[in-house]
Chemist: 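Pasting a structure below so you can have a look.
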Amino acid sequence: MLELRHITKIFNPHTVNEKIGINDLSLTVNDGEFITIIGSNGSGKSTLFNLIGGTLISDSGDIFLDGNNITLQKPCLRSRSIGRLFQDPMAGTAPDMTVAENLALAAKSGGWLKTISRSDRQFFRQKLSQLEMGLEDCLDQPVGLLSGGQRQALSLMMATVNPPRVLLLDEHTAALDPSSGAKVLEITEKIVTSQHLSCLMVTHNMADALKMGGRTIMLDRGKIIMDISGKERAQASVSSLVERFRSTSGKMLDDDELMLNN
Ligand SMILES: Nc1ncnc2c1ncn2[C@@H]1O[C@H](COP(=O)(O)OP(=O)(O)OP(=O)(O)O)[C@@H](O)[C@H]1O
Ligand SMILES: [Mg+2]
């Protein structure tokens, strides 16, 4: 279980450049819970992930993972239990190394890369074939030669080959063409559900936000302004979310159109 208690992060406090990152935010993510996160540009979504992943330290509040206080734990230690994917397909992989080498690094949690055994290769091939993206035939190809969709699918596999306690997906399909994006979302659902992972997924696509997972939260100025699940979520529509955002935050979404058209 991941628990955030009264987390606050203000950038450049008491200066003209002061920006609210996260503002007294509390959130509990139960084991196996898949939460989608929406909110306009600058609402704090990536900051929230940076705080959970440890690349930022909060000004106040605490973060607990399975009961352990990890608020000040270094990111390299947290990365064993917190997997993360970014919007940029280049971000999660080493482009000059082969698919097999990337997977071996991930499987060994960044440990020293020794020779990749025949059984390792068999294991990788079998895992990759489940993605149905033709990656099982690319074991010896440098990752830089893969398509964006293949890279994100591989990044997902790398982030989950040792199942993390929490998986953070920061708009991981936003840079892909629509059909690759849809495919990567399908794989995401499959991996998260079959491994019963706790997952937080940021998306600008409200339809995806309602379709994926079982709970949706909306951020505005570093605060959770909506948290829906169950029947309420099942009955929600994209336009009802947009309306909710307008009425709760008192402003328009920066990219209403983008979200509605997606
Ligand atoms: N390292 C930083 N230094 C200063 N301000 C920052 C930093 N990171 C984020 N911010 C500010 O904090 C606020 C939240 O930013 P954040 O990147 O978390 O938003 P976001 O919801 O991820 O937006 P987007 O949808 O554009 O990705 C913004 O006002 C942003 O300018
Ligand atoms: Mg962001």
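Bear in mind the structure is a predicted one, so any value in this text is a computation, not a measurement. Each residue takes its place number in the sequence, starting with 1. Order of listing sets the numbers, starting from 1, for every ligand and every atom in it.
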Chemist: S43 versus ligand 1: do any nitrogen or oxygen atoms come within less than 3.5 Å of each other?
Modeler: yes

Chemist: Note the single closest protein heavy atom to atom 26 (O) of ligand 1, along with its residue, its atom name and the distance in Å.
Modeler: N41 ND2, 3.1 Å

Chemist: With a cut-off of 2.8 Å, does S46 place any N/O/S atom under that distance from the Mg ion (ligand 2)?
Modeler: yes

Chemist: Does T216 use its side chain to pair, donor to acceptor, with the backbone of A209 at less than 3.5 Å?
Modeler: yes

Chemist: Could you tell me, atom by atom, which parts of ligand 1 come under 4.0 Å of a heavy atom of S40?
Modeler: 21 (O)

Chemist: Just to confirm my output: which protein heavy-atom neighbour is closest to atom 27 (O) of ligand 1, and how far is it?
Modeler: E171 OE2, 3.7 Å

Chemist: Using modelled atom types only, decide if a donor and an acceptor are shared between the side chain of R165 and the backbone of I82 within a distance under 3.5 Å.
Modeler: no

Chemist: Are the side chain of S240 and the backbone of A236 linked by a donor-acceptor contact shorter than 3.5 Å?
Modeler: no

Chemist: Hey, does I20 sit under 4.0 Å from ligand 1 if you only count heavy atoms?
Modeler: yes

Chemist: Is the shortest side-chain heavy-atom distance between T188 and L167 below 4.5 Å?
Modeler: no

Chemist: Could you check whether any side-chain N or O of T36 sits under 3.5 Å from a backbone N or O of M201, counting only pairs where one atom can act as donor and the other as acceptor?
Modeler: no

Chemist: Tell me the contacting part of K45 for ligand 1: side chain, backbone, both, or neither, using a 4.0 Å heavy-atom threshold, strictly below.
Modeler: both

Chemist: Can you list the atoms of ligand 1 that are under 4.0 Å from a heavy atom of G44?
Modeler: 14 (C), 18 (O), 19 (O), 20 (P), 21 (O)

Chemist: Of all the heavy atoms in G222, does at least one lie under 4.0 Å from an atom in ligand 1?
Modeler: no

Chemist: Given 3.5 Å as the limit, does a donor-acceptor pair link the side chain of D177 with the main chain of S180, or not?
Modeler: yes

Chemist: I'd like to know if K211 pairs up with E189 as an ion pair, taking the criterion as any Lys NZ or Arg NE/NH1/NH2 lying under 4.0 Å from an Asp or Glu carboxylate oxygen.
Modeler: no

Chemist: Can you figure out which of A174, S46, G42 has its heavy atom closest to atom 22 (O) of ligand 1?
Modeler: S46

Chemist: Among all the protein's non-hydrogen atoms, which is closest to atom 5 (N) of ligand 1, and how far away is it?
Modeler: F11 CG, 3.3 Å

Chemist: Which atoms of ligand 1 have any heavy atom of H204 under 4.0 Å away?
Modeler: 25 (O)

Chemist: Return the residue, atom name and 0.1 Å-rounded distance of the protein heavy atom closest to atom 29 (O) of ligand 1.
Modeler: K19 CD, 3.1 Å

Chemist: How far is atom 15 (O) of ligand 1 from its nearest protein heavy atom, and which residue and atom name does that atom have?
Modeler: T47 OG1, 3.7 Å

Chemist: Given the rule in the salt bridge (charged side-chain N to carboxylate O under 4.0 Å, His left out) test, do D170 and K45 qualify, once you have shown the distances and angles that lead to the verdict?
Modeler: CA-CA 8 Å; D170 197 348; K45 306 178 297 293; over 6 Å; no

Chemist: Hey, is G39 one of the residues with a heavy atom under 4.0 angstrom from ligand 1?
Modeler: no

Chemist: So which heavy atom on R151 is nearest to which on P95, and how close?
Modeler: NH2-CB, 3.6 Å

Chemist: Give a yes or no answer on whether the side chain of N205 reaches the backbone of D208 with a donor-acceptor pair at less than 3.5 Å.
Modeler: yes

Chemist: For ligand 1, indicate whether the residue L48 contacts it via side chain, backbone, both or neither (heavy-atom separation under 4.0 Å).
Modeler: neither

